[in-house]
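Lettering follows sequence order; numbering is per chain, from 1. Just so it is clear, the structure is predicted and the values come from calculations on it, not from any experiment.
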Amino acid sequence: MHKLQVFNSLSKAKEDFKPLHSDHVGMYVCGPTVYSDVHLGNCRTFVSFDVIYRYLMHLGYKVRYVRNITDVGHLEGDVDIGGEDKIAKKARLEQLEPMEVVQKYVNGFHQMMDIFNTLPPSIEPRATGHIMEQIEMIKDILDRGLAYEKNGSVYFNTPKYIEKGYNYGILSGRVVEDLVQESRDDLKKQGEKEHPSDFALWIKAEPSHLMRWRSPWSIGFPGWHLECSSMSTKYLGEHFDIHGGGQDLKFPHHENEIAQNQGACGTAPARYWLHANMLLMNGRKMAKSDGNTITPQELFSGNSSHISKGYSPMVVRFFMLQAHYRSTLDLTDEALQAAEKGYNRLMETYKILSGLESTAAAGTADAELTKLIEQLDIDMCDDFSTPKALATLFELSSKANAYKGGQLSADSISSEVLQKLKDTFKVFLFDVFGLKEEYGEGAQGSNGLLDGLMNLIIDIRKSARDNKDWTTADKIRDTLAELSVQLKDGKDGTSWTKS
RNA sequence: GGUCGGGUGGCCGAGCGGUUAGGCAGAGGUCUGCAAAACCUUGUACGGCGGUUCGAAUCCGCUCCCGACCUCCA
């Protein structure tokens, strides 16, 4: 097996991946704050980590994948400027219980994750289910003198943290002095905080605040960042292997998480920090404010001015895999169309492959094919380079097609290598990349009725064609086309796909 | 303003000192009743200006442009 290398945001370099406990891997990924529908960019991050999760398992690791749900504490703006809890705000606006808001968007999130065919995490803990743990962690931080209480709220003391020799900014490269000198007005409003870079661990609730818990300091709620520190510690230990999330969480979220863990446990939480990059649209950040945005639903239905047609979830997933997770990815209509064709082509090859046979004991192309097959793991071991692995898969695809088409002779591939090729396609396409068949013959979820009907129609058309009754044959073809069913006439008969 | 990251052919996207990335589109061809599909072959590139080097898309400097973060964000 090849050596897996991962890009560690802490060192800004690729490092050999060595898990703490031989074949077990602990991975924590920051999940969504459930106050609105999942953002498409969110989906990209979770798809990226889904592939990482899948590939780690493919390498034989037993992975405990923890991805949280943040359902309290995430404020709009800062505490000092009267930031309101995102969930509480939504609850107020929609006149719902906060937990109704949470449930609604958790359901939607799970549905979307399912649509994108991501595997569920091993544990999906919620912040509100871990208030006790968070309170305990605040106590530990206070005990170590790294936090202070002010009017019922508790703040992390960053100057003290630095004074004690810790490196605040270790992940983000942020320097506290620079933070102080920020020209931005918001940051100058210190409010209760003793220092602008301090952040809330516990926030005293206003009387009107709906989400509240009893604590030694006040009736209130935990600060954002804290839930991840305490839940990762609870389920993965004080020190674990991988921590992931979106690039934009580096600061302040992850930086503060590290400070909290160091402050409470005296150790850094994760050894490898992995960050997924942003999804752009037409070269710019997706933002509702200027209309440069698209929801997953709109993307699937085509109901958006940014795209010419709908793209299926697997096409979108494939599109995401064509870029490295650490690069920004630009969503454009053209790029999606290209992805759709590429995805279809790979799926087509998979089908073709399953029908190929070989009786040769040794083939002239065996060595080349074996090398390409091995290349897939080399690609993926290079910081989960799905674009490279996909390119290699396309090269294998060409070989398989050439073998079928006769450009590669019958004795070019041995039965053993052909079998290996079939297995490889299956494993990478479905297990590692997490793609699946969506429409057409043999797609998951088809009940056999559709396939049966289509076979009947194709059979009738074949008779017509055999009798040179082109009128009937073309009528069948054209009518189906209007229903978005495309017939594909090949040497070995006719197949179909729904687009 | 500060801190990072990036600018690759018509489009997307790998590459990180010398060797074809790959996909889509384009061109040519095979197949086909016609068409579509499929398959095969194939051209075009490294923002600009300097420098280091036998050799740079890859390293260094300057410059222009874009993006992210600094404030809720995946």
Check the pair A:His225, A:His254 against ring pair (Phe, Tyr, Trp, His ring centres under 6.0 Å), reporting the backbone distance first and the verdict last. CA-CA 7 Å; A:His225 320 306; A:His254 290 157; 9.3 Å; no
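Listed nucleotides B:rC34, B:rG67, B:rA74 differ in distance to A:Arg465; the shortest reach to its side chain belongs to B:rC34. Taking only side-chain atoms of A:Lys285, from C-beta outward, the nucleotide of B:rA36, B:rA68, B:rA74 with the closest atom is B:rA68. When the nucleotides B:rA37, B:rG33, B:rA74 are ranked by their closest atom to the side chain of A:Arg461, B:rG33 comes out on top.
The same atom, P, is picked in B:rU3 and in B:rC12; the two are 30 Å apart, to the nearest Å. Taking atom P in both B:rA68 and B:rC59, one finds a spacing of 24 Å when rounded to whole Å. Here, B:rA57 and B:rG1 have their C1' atoms 32 Å apart, quoted to the whole Å. Taking the C1' atoms as reference points, B:rG23 lies 11 Å from B:rA14, given to the whole Å. Taking atom P on both B:rU41 and B:rA74, the two are 45 Å apart, rounded to the nearest angstrom. For the C1' atom pair drawn from B:rU44 and B:rU30, the interatomic distance equals 25 Å after rounding to whole Å. Separating the C1' atom of B:rA21 from that of B:rC70 is a span of 37 Å, rounded to the nearest Å. When the P atom is used for both B:rG17 and B:rU32, the distance is 50 Å, rounded to whole Å.
Between A:Pro252 and A:Gly246, the one whose closest nucleotide on RNA chain B sits nearer the 5' end is A:Pro252.
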Assign a letter to each nucleotide of nucleotides 5-18 of chain B from its 5' end: B, base within under 4.0 Å of a protein heavy atom; S, sugar-phosphate only; -, no contact. ------SSSSS---
Going 5' to 3' along nucleotides 38-44 of chain B, which nucleotides have protein heavy atoms under 4.0 Å from the base (write B), which only from the sugar-phosphate (write S), and which from neither (write -)? -SS----
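Within the 6.0 Å centre-distance limit, the rings of A:Phe109 and A:Phe46 are counted as a close aromatic pair.
Residue-level contact check: A:Gly245 touches the backbone only, with heavy atoms under 4.0 Å from sugar-phosphate atoms and none from bases. As judged by a 4.0 angstrom heavy-atom cut-off over every strand, A:Arg284 is placed among residues touching the sugar-phosphate backbone only.
In terms of modelled atom types and a separation under 3.5 Å, the side chain of A:Asp198 and the main chain of A:His195 share a donor-acceptor contact. Of the possible polar contacts, one joining the A:Glu255 side chain to the A:Ile170 backbone as a donor-acceptor pair under 3.5 Å is found.
Taken together, the paired segments of RNA chain B that extend over three or more consecutive Watson-Crick or G-U pairs, each closer than 3.5 Å at both contacts, are B:1-7 with B:64-70, B:10-12 with B:22-24, B:26-30 with B:38-42, B:47-51 with B:59-63.
For the residue pair A:Tyr311 and A:Asp333, a side-chain donor N or O sits within less than 3.5 Å of a side-chain acceptor on the partner.
In summary, A:Glu482 and A:Arg477 do not engage in a salt bridge, as defined by a charged side-chain N under 4.0 Å from a carboxylate O. A:Asp85 and A:Lys89 are not joined by a salt bridge, as no carboxylate oxygen comes within less than 4.0 angstrom of a charged side-chain nitrogen.
Among residues two or more places apart in sequence or in another chain, the salt bridge (charged side-chain N to carboxylate O under 4.0 Å, His left out) test is passed with A:Asp16 by none. Under the salt bridge (charged side-chain N to carboxylate O under 4.0 Å, His left out) criterion, A:Arg44 pairs with no residue at all, not counting sequence neighbours. With sequence neighbours excluded, the residues forming a ring pair (Phe, Tyr, Trp, His ring centres under 6.0 Å) with A:Phe156 are A:Tyr161, A:Phe199, listed by chain and number.
The distance between atom CG of A:Leu376 and atom C1' of B:rG22, rounded to the nearest whole Å, is 13 Å. B:rC34 atom P lies 8 Å from atom CH2 of A:Trp470, rounded to whole Å. In this structure, the CD1 atom of A:Ile458 is 17 Å from the P atom of B:rA37, given to the nearest Å. The distance from atom CG of A:Asp333 to atom P of B:rA25 is 14 Å, rounded to the nearest whole Å. In this structure, NZ of A:Lys309 is placed 14 Å from P of B:rC24, rounded to the nearest angstrom. Whole-Å rounding puts the A:Leu390 CG to B:rG22 P distance at 13 Å. Going from atom CZ of A:Phe318 over to atom C1' of B:rC24 covers 10 Å, rounded to whole Å. In this structure, A:Tyr168 places its OH atom 11 Å from C1' of B:rC70, rounding to the nearest Å.
Annotation: cation-pi pair A:Arg345/A:Phe394 absent, no NZ/CZ under 6.0 Å from the ring centroid and within 45° of its normal.
With A:Asp382 as reference, A:Lys388 is the one residue of A:Gln5, A:Lys388, A:His324, A:Lys3 to meet the side-chain hydrogen bond (donor to acceptor under 3.5 Å, both in side chains) rule.
The minimum heavy-atom distance linking A:Ala270 with A:His243 is given by the pair CB-CB, 3.5 Å.
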